[in-house]
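Taking it in order: structure first as structure tokens, then the write-up.
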Amino acid sequence: MSFLFDLIALFAGMPALSLAAWYMILAGIVSGLLAAVFGVMDYFTIPPRTRAKRVAMLHGAGNVVVLVLFAMSWLLRWDAPELANPIAIVISGAAFLLAGVTGWLGGELVNRLGVDRGANPDAPSSLSGRPAA
């Protein structure tokens, strides 16, 4: 939402939305760090040399990059969080897009490789059109 708030603030001249985006990014960073603790714990329960382990590695590494990008965007706004800083918004947009990819990877972990009927650590991608089993 911070990225969307930033775009609206930039094009509609609504500085309150930029300030709200700054706080949203901070909340996202804190909650992302908390989620990472549980993600790391889950990672070590995944069997080695499986598709699930590879997907989990990509999911986790991608989310680290997302957090770093959002942290950069947040820091670039430090002096004036109510101003829509174009560079910070571009970085935030990149983080937003990457978060979509890592979110899908997380869905693969939970559904195809974890809880779906027939799910297993080497189930094919949901994009393959094949059943998990």
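All values reported here derive from a predicted model rather than from experimental measurement.
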**Message:** With a 4.5 Å cut-off on side-chain heavy-atom distances among I, L, V, M, F, W and Y, is there a chain of contacts connecting Leu109 to Phe44?
**Reply:** no
**Asked** Could you give all pairs that pass the salt bridge (charged side-chain N to carboxylate O under 4.0 Å, His left out) test and reach residues 65-80, with sequence neighbours left out?
**Response** Asp6-Arg77
**Asked** Which residue pairs pass the side chain to side chain donor-acceptor pair (under 3.5 Å) test with at least one member in residues 32-57, sequence neighbours excluded?
**Response** Arg51-Glu108
Could you list the donor-acceptor pairs under 3.5 angstrom formed by side chains in residues 90-106, with sequence neighbours left out?
unit_1 : atom_1 : unit_2 : atom_2 : d
Thr102 : OG1    : Asn63  : OD1    : 2.7
Thr102 : OG1    : Leu98  : O      : 3.4
Thr102 : OG1    : Ala99  : O      : 3.2

Output a table of donor-acceptor pairs, distance under 3.5 Å, between side-chain atoms of residues 20-40 and any protein atom two or more places apart or on a different chain; print 'none' if there are none.
unit_1 : atom_1 : unit_2 : atom_2 : d
Trp22  : NE1    : Trp74  : O      : 3.2
Ser31  : OG     : Ala27  : O      : 3.0
Ser31  : OG     : Gly28  : O      : 3.2

**Asked** Is there a path from Leu4 to Val66 through hydrophobic residues (I, L, V, M, F, W, Y) whose side chains come within less than 4.5 Å of each other?
**Response** no
**Fill in**
Sequence neighbours excluded, the answer for side chain to side chain contact (heavy atoms under 4.5 Å, CB included) partners of Ala12 is Ile8, Met14
**Request:** Quick one: list whatever passes side chain to side chain contact (heavy atoms under 4.5 Å, CB included) with Leu7, sequence neighbours left out.
**Result:** Phe3, Phe11, Ile89
**Prompt:** If you group Ile, Leu, Val, Met, Phe, Trp and Tyr by side-chain heavy-atom gaps below 4.5 Å, do Met72 and Phe70 land in one group?
**Reply:** yes
**Prompt:** Once you round to the nearest 0.5 Å, how far does CG of Asn85 lie from OG of Ser73?
**Reply:** 7.5 Å
**Path from Ile87 to Val65 over hydrophobic side-chain contacts below 4.5 Å** = yes
**Item:** Which residues share a side chain to side chain contact (heavy atoms under 4.5 Å, CB included) with Pro124, sequence neighbours left out
**Value:** Arg112, Ser128, Arg130
**Asked** Which pairs count as salt bridge (charged side-chain N to carboxylate O under 4.0 Å, His left out) when at least one residue sits in residues 56-70, sequence neighbours excluded?
**Response** none
**Request:** Answer yes or no: does atom CG of Leu75 have more than 12 heavy-atom neighbours from other residues, nucleotides or ligands under 6.0 Å?
**Result:** yes
**Fill in**
Here the pair of heavy atoms bringing Leu113 nearest to Pro121 is CD2-O, 3.8 Å
